[in-house]
Amino acid sequence: IEALLNGLRDKDTVVRWSAAKGVGRVTDRLPQDFGDQVVESVLSMFTPVESDEAWHGGCLALAELARRGLLLPHRLDAVVPVVLLALKYDVRKGASSVGAHVRDAACYVCWAFARAYAPEVMAGHILAVAKALSAVAVFDREVNCRRAASAAFQENVGRQGSFPN
């Protein structure tokens, strides 16, 4: 598992994507307590000192865990604020900035939330997620992020029912 968690920080996108898939597959076979420890390890990647690659890999892993039903509802109080930060992720590097891939992956997490959780489970987080997705869908400078946010918003409207629109 440590190798997979380190793979989430890799410079290569394909490695991060494969590691996130691997984290999901391995966690699916672990007892619930150990799976929760994996979620905690993934959440520890979301710090200001971590690279954009770590944030991207962490979002991919969270989405895979949510999609497979391995991100337990009691963890949403810790996960949703991190995802909301990732939806705004933008770090200046020289004359440009990086973060579009992190914002795109955060939209994937929101899309996975819509598919994985019942409306009652998401009720306390719906408004914050809706506001953040709306802002990305309208104002993000990258078209792929706007499209991803729009798709996640639409999925939430269709599946959550009470999603503000």
Side-chain angles (χ1 to χ4, degrees), residues 1-28 35-68 70-72 75-117 122 125 127-156:
I1 292 178
E2 186 177 342
L4 291 171
L5 292 172
N6 287 334
L8 295 174
R9 292 179 170 93
D10 198 271
K11 295 281 184 202
D12 190 2
T13 302
V14 175
V15 174
R16 290 193 302 271
W17 182 257
S18 297
K21 291 277 190 188
V23 166
R25 287 185 185 123
V26 170
T27 304
D28 198 14
D36 202 45
Q37 289 177 15
V38 172
V39 172
E40 195 166 317
S41 295
V42 171
L43 284 174
S44 72
M45 299 174 70
F46 295 97
T47 63
V49 296
E50 284 284 2
S51 67
D52 58 300
E53 289 91 358
W55 278 71
H56 181 241
C59 283
L60 293 175
L62 289 176
E64 283 299 313
L65 292 168
R67 196 176 64 79
R68 294 171 179 269
L70 303 170
L71 189 59
L72 300 177
R75 280 290 189 181
L76 285 176
D77 289 335
V79 171
V80 170
V82 167
V83 173
L84 296 178
L85 283 175
L87 283 168
K88 297 184 264 183
Y89 190 90
D90 194 40
V91 174
R92 195 129 173 96
K93 287 195 176 180
S96 63
S97 64
V98 296
H101 58 302
V102 175
R103 296 190 304 274
D104 184 61
C107 290
Y108 176 39
V109 178
C110 293
W111 177 88
F113 284 169
R115 298 183 66 89
Y117 299 112
M122 287 296 295
H125 307 287
L127 188 58
V129 171
K131 286 180 179 180
L133 285 174
S134 296
V136 174
V138 174
F139 298 116
D140 200 283
R141 70 179 166 277
E142 301 294 333
V143 68
N144 62 314
C145 292
R146 292 194 304 268
R147 287 180 179 155
S150 178
F153 190 93
Q154 185 175 0
E155 192 72 23
N156 274 282

[X]: side-chain hydrogen bond (donor to acceptor under 3.5 Å, both in side chains) partners, not counting sequence neighbours:
| X | result |
| --- | --- |
| Arg147 | none |
| Arg9 | Glu50 |
| Arg141 | Asp90, Ser97 |
| Arg16 | Thr13, His56 |

Got a second to check how far [X]'s [atom1] is from [Y]'s [atom2], nearest 0.5 Å?
| X | Y | atom1 | atom2 | value |
| --- | --- | --- | --- | --- |
| Lys131 | Leu87 | NZ | CG | 14.5 Å |
| Leu76 | Phe113 | CG | CZ | 5.5 Å |
| Leu8 | Cys59 | CG | SG | 10.5 Å |
| Leu62 | Met45 | CG | CE | 9.0 Å |

How close do [X] and [Y] get, heavy atom to heavy atom, and via which atoms?
| X | Y | answer |
| --- | --- | --- |
| Val82 | Ala78 | CG2-O, 3.5 Å |
| Trp111 | Ala151 | CD1-O, 4.2 Å |
| Ala100 | Cys145 | O-SG, 3.2 Å |

Go through the structure and list residues passing side chain to side chain contact (heavy atoms under 4.5 Å, CB included) with [X], not counting sequence neighbours.
| X | answer |
| --- | --- |
| Ala130 | Phe153, Phe163, Pro164 |
| Ala149 | Cys107, Leu133, Val136, Ala137 |
| Lys21 | Trp17, Arg25, Glu64, Arg67 |
| Gln154 | none |

> Passes side-chain contact (heavy atoms from CB on, under 4.5 Å), Val80 versus Val129? Steps please.
Replying inline: CA-CA 8 Å; Val80 170; Val129 171; 4.1 Å; yes
> Side chains of Val23 and Ser41: closer than 4.5 Å at any heavy-atom pair?
Replying inline: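 Contact flag for Val23/Ser41 side chains = no.
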> Does a side-chain heavy-atom distance below 4.5 Å link Leu43 with Arg75?
Replying inline: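 A side-chain contact under 4.5 Å exists here.
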> Taking only residues two or more places apart in sequence, or in another chain, which ones meet Glu155 in a salt bridge (charged side-chain N to carboxylate O under 4.0 Å, His left out)?
Replying inline: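 Expected list: Arg115, Arg159.
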> Can you list the residues that meet the salt bridge (charged side-chain N to carboxylate O under 4.0 Å, His left out) rule with Asp10, with sequence neighbours excluded?
Replying inline: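 Salt bridge (charged side-chain N to carboxylate O under 4.0 Å, His left out) check on Asp10 returns nothing, list empty.
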>> Tell me whether Asn156 contacts the main-chain N or O of Cys110 through its side chain, where contact means a donor paired with an acceptor under 3.5 Å.
In response: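 Yes, because the side chain of Asn156 sits within donor-acceptor range (under 3.5 Å) of the backbone of Cys110.
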>> Show me the pairs that pass salt bridge (Lys or Arg N to Asp or Glu O under 4.0 Å) and involve residues 51-60, at least two apart or across chains.
In response: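 Listed once each, the pairs are Lys11-Glu53, Asp52-Lys93.
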> Taking Thr27 as the fixed residue, which of Asp36, Leu4, Leu65, Val42 is the one that meets the side chain to side chain contact (heavy atoms under 4.5 Å, CB included) rule?
Replying inline: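 Of the listed residues Asp36, Leu4, Leu65, Val42, the side chain to side chain contact (heavy atoms under 4.5 Å, CB included) partner of Thr27 is Leu65.
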>> With a 6.0 Å cut-off (strictly less than), is the heavy-atom count around CD of Glu40, excluding the residue itself, greater than 12?
In response: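 12 or below, so no.
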> Between Phe46 and Trp55, what is the ring plane arrangement, given parallel below 30°, perpendicular above 60°, and tilted in between?
Replying inline: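 Perpendicular.
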